[in-house]
*Asks:* 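Shown below is the structure under consideration.
The structure displayed is predicted, hence computed values, not measured ones.
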Amino acid sequence: MDLFNHQLRLHADPSRVVVRPFHIAWAGHGGAPSRTERLVGEVLEMSPAQARAQLEVVLKDFEARHWQTRRVFMTRYDQIEDMLGLNGAEIGDEKRQLIGAYFCHEYSYAAAALMNPSAVPHFDQSGMPPGSMRILMSLRAVGEGHISSVAFREGIITCENQMKLAPEPPFATATDAVGSGEDEMPIGPVTVYRHRDSTLSGTVIFPITQAQSKGLEDLRIVRFQHENGDYEWIGTYTAYNGSVIQSELMRTRDFRAFDLVPMTGPAARNKGMALFPRKVNGQYMMIGRQDGENLFLLKSDTLTDWDDGEKILTPEYPWELVQIGNCGPPIELDEGWLLLTHGVGAMRKYSIGAVLLDKDDPSKVIGRTKQPILAAKDQDREGYVPNVVYSCGALKHGDTIFMPYGIADSSVGFAFVPIKDMLAAML
């Protein structure tokens, strides 16, 4: 198969840090108001000179490392003020900034790994020359405590297998949930917001609810077309709290506000759900791996509630005998639904293959690749989890599939695969 691997690789980068809210109550064992009030009280008791000196130490350490550090501190202070009913008019700017600093911390969000990307057409295609497409990628970034978050990169691909990524801004910013309390982590649906002055390539979505507390894992994002013709970008991901997993949705129309919505139903207790980019026969559909081994077709009348589905694919070839799963949402072709798959073989080696499903009845398998499209080899074998290649979503561009993929749970590579070659390799 005439697969073109782009030379670019994205790697973990411990220098990429953000300022995040430090929720003292979440990190401790006592009651939040007493600890929070005590800390605020200590700052308020400082003399102006003491507060100024302490703030200067903080700014010397961190102001050059972060974007609009003083504004971030003031924003954090405003949240504490609302919670405690403080009167900011009676508190000087320096003390307010210092209070905000005590309720923030620096986090290296991609220090351990950058992996498992998905790609969709960008919401802004203005100014693109013929044969080029602006793209948007999500990536799983892993930092301190092996906590996973969602990062984004924007770029352009061409019909000549060229790719250029927009540069990352020098400072990254974290989304935040307006009105979230300090006494406990939120439960259930929550909306987080990108800072009004930040770029998407510099934005990171961190866990914020109890179910997500240890990670937002493997976002499979798709540009979903509703029946009225409107588009919404919807991603499925795994929320992990350290012991239990829960499938959730990320929904956005403008990439400014992101709804993080838990799904319900038996299927939502499993990983790796991937949404079709439109309704099929009047129903929402997903591909899932309900038993950890086989692929299932799931159907629902709503986006948020999913029952167990129909088994449509089982491991068949040596490279996938341990298990088979999806590598992102199905891609609509004239010939049917192209589904990228991952297979696990001997020595827990991961490979990527493809399946073609019937366009009108996706439960029917038209063909599947006997051999992998992409397998871990040479430089793609080494990393945090060796012998793994894995994607959370590719996209169609002209006659080619553009596929970003994770390498050894450590870095990200990019491949362009001719559709005709992929279909020709199917049995």
Side-chain angles (χ1 to χ4, degrees), residues 10-23 26-27 65-67 72 76 104-120 136-154 168-169 171-177 180 185-186 189-195 198-221 233-242 245-252 255-262 271-272 384-385 390-393 404 406 409-412:
L10 301 181
H11 297 275
D13 184 356
S15 71
R16 298 295 295 176
V17 291
V18 296
V19 175
R20 292 188 63 194
F22 177 46
H23 297 274
W26 299 0
R65 291 167 59 86
H66 296 283
W67 173 81
V72 172
R76 192 70 180 109
C104 291
H105 73 125
E106 186 178 72
Y107 185 81
S108 180
Y109 63 89
L114 194 67
M115 58 185 180
N116 299 358
S118 66
V120 289
L136 170 64
M137 290 191 301
S138 69
L139 305 109
R140 178 178 172 185
V142 184
E144 176 189 346
H146 201 76
I147 294 176
S148 297
S149 56
V150 177
F152 297 99
R153 287 297 296 270
E154 298 160 289
E168 288 183 303
F171 305 114
T173 58
T175 58
D176 198 9
S180 59
M185 298 181 76
V190 64
T191 301
V192 297
Y193 299 88
R194 172 160 65 104
H195 194 282
S198 66
T199 67
L200 192 54
S201 291
T203 296
V204 187
I205 301 178
F206 286 100
I208 193 166
T209 69
Q210 290 183 6
Q212 305 164 358
S213 57
K214 294 300 181 181
L216 306 173
E217 301 180 356
D218 298 341
L219 179 68
R220 290 162 162 83
I221 191 168
W233 281 259
I234 303 176
T236 54
Y237 62 90
T238 302
Y240 180 55
N241 69 2
I245 61 172
Q246 162 74 47
S247 284
E248 299 188 350
L249 293 175
M250 184 208 76
R251 306 181 63 172
T252 184
F255 285 88
R256 286 287 176 182
F258 305 84
D259 297 324
L260 307 180
V261 185
K271 291 185 176 184
Y384 182 63
V385 181
Y390 193 92
S391 179
C392 285
D409 277 8
S410 301
S411 59
V412 174

*Asks:* Within the distance-only criterion (no hydrogens, no angle test), does the side chain of S118 pair as donor or acceptor with the backbone N or O of L219 below 3.5 angstrom?
*Replies:* yes
*Asks:* Pick one: which of V204, N116, L10 meets side-chain contact (heavy atoms from CB on, under 4.5 Å) with L139?
*Replies:* L10
*Asks:* Among residues at least two apart in sequence or on other chains, which ones pass ring-ring contact (aromatic ring centres under 6.0 Å, His included) with Y240?
*Replies:* none
*Asks:* H11: which residues meet the ring-ring contact (aromatic ring centres under 6.0 Å, His included) condition with it, sequence neighbours left out?
*Replies:* none
*Asks:* Given M250, which of I234, L260, T236 fulfils the side-chain contact (heavy atoms from CB on, under 4.5 Å) condition?
*Replies:* L260
*Asks:* Taking only residues two or more places apart in sequence or in another chain, which ones pass side chain to side chain donor-acceptor pair (under 3.5 Å) with E168?
*Replies:* none
*Asks:* Can you name the nearest heavy-atom pair linking G393 to P404, along with the distance?
*Replies:* O-CD, 3.6 Å
*Asks:* Does a donor on one side chain and an acceptor on the other come within less than 3.5 Å for S213 and N241?
*Replies:* no
*Asks:* Please name all residues satisfying ring-ring contact (aromatic ring centres under 6.0 Å, His included) with Y109, sequence neighbours left out, ordered by chain then number.
*Replies:* none
*Asks:* Grab the two heavy atoms, one from E154 and one from S201, that are nearest each other, plus how far apart they are.
*Replies:* OE1-OG, 2.9 Å
*Asks:* Could you pull out the closest heavy-atom pair between A151 and A141, with the gap in Å?
*Replies:* CB-CB, 4.5 Å
*Asks:* If a pair satisfies salt bridge (Lys or Arg N to Asp or Glu O under 4.0 Å) and one of its residues is in residues 136-146, list it, with sequence neighbours excluded.
*Replies:* R140-E217, R140-D218
*Asks:* Does some side-chain heavy atom of F152 sit less than 4.5 Å from a side-chain heavy atom of I205?
*Replies:* yes
*Asks:* Once rounded to the nearest 0.5 Å, what's the spacing between atom OG1 of T203 and atom CZ of R256?
*Replies:* 7.5 Å
*Asks:* Are the side chains of P189 and P262 in contact, using a 4.5 Å heavy-atom criterion?
*Replies:* yes
*Asks:* Find the distance between CG (D176) and CD1 (I208) and round it off to the nearest 0.5 Å.
*Replies:* 6.0 Å
*Asks:* Measuring only between side-chain heavy atoms, which start at C-beta, is F255 closer than 4.5 Å to L136?
*Replies:* yes
*Asks:* To the nearest 0.5 Å, what is the distance between CG on L216 and OG on S149?
*Replies:* 7.0 Å
*Asks:* Is any side-chain heavy atom of F258 closer than 4.5 Å to one of R194?
*Replies:* yes
*Asks:* Do you know the tightest heavy-atom contact between Y390 and P117?
*Replies:* O-CD, 4.2 Å
*Asks:* Going by the rule side-chain contact (heavy atoms from CB on, under 4.5 Å), which residues pair with A111 if we only count those two or more places apart in sequence or in a different chain?
*Replies:* P14, S108
*Asks:* Could you pull out the closest heavy-atom pair between A211 and E248, with the gap in Å?
*Replies:* CB-OE2, 3.9 Å
*Asks:* Nearest 0.5 Å please: distance from the OH atom of Y237 over to the CD1 atom of I245.
*Replies:* 13.5 Å
*Asks:* Which value, rounded to the nearest 0.5 Å, describes the distance between Q212 atom CD and Q246 atom CD?
*Replies:* 9.5 Å
*Asks:* Would you name the heavy atoms of G272 and T238 that are closest together and state the gap between them?
*Replies:* N-OG1, 4.2 Å
*Asks:* Could you state the interatomic distance from CE (M115) to OG (S148), rounded to the nearest 0.5 Å?
*Replies:* 5.5 Å
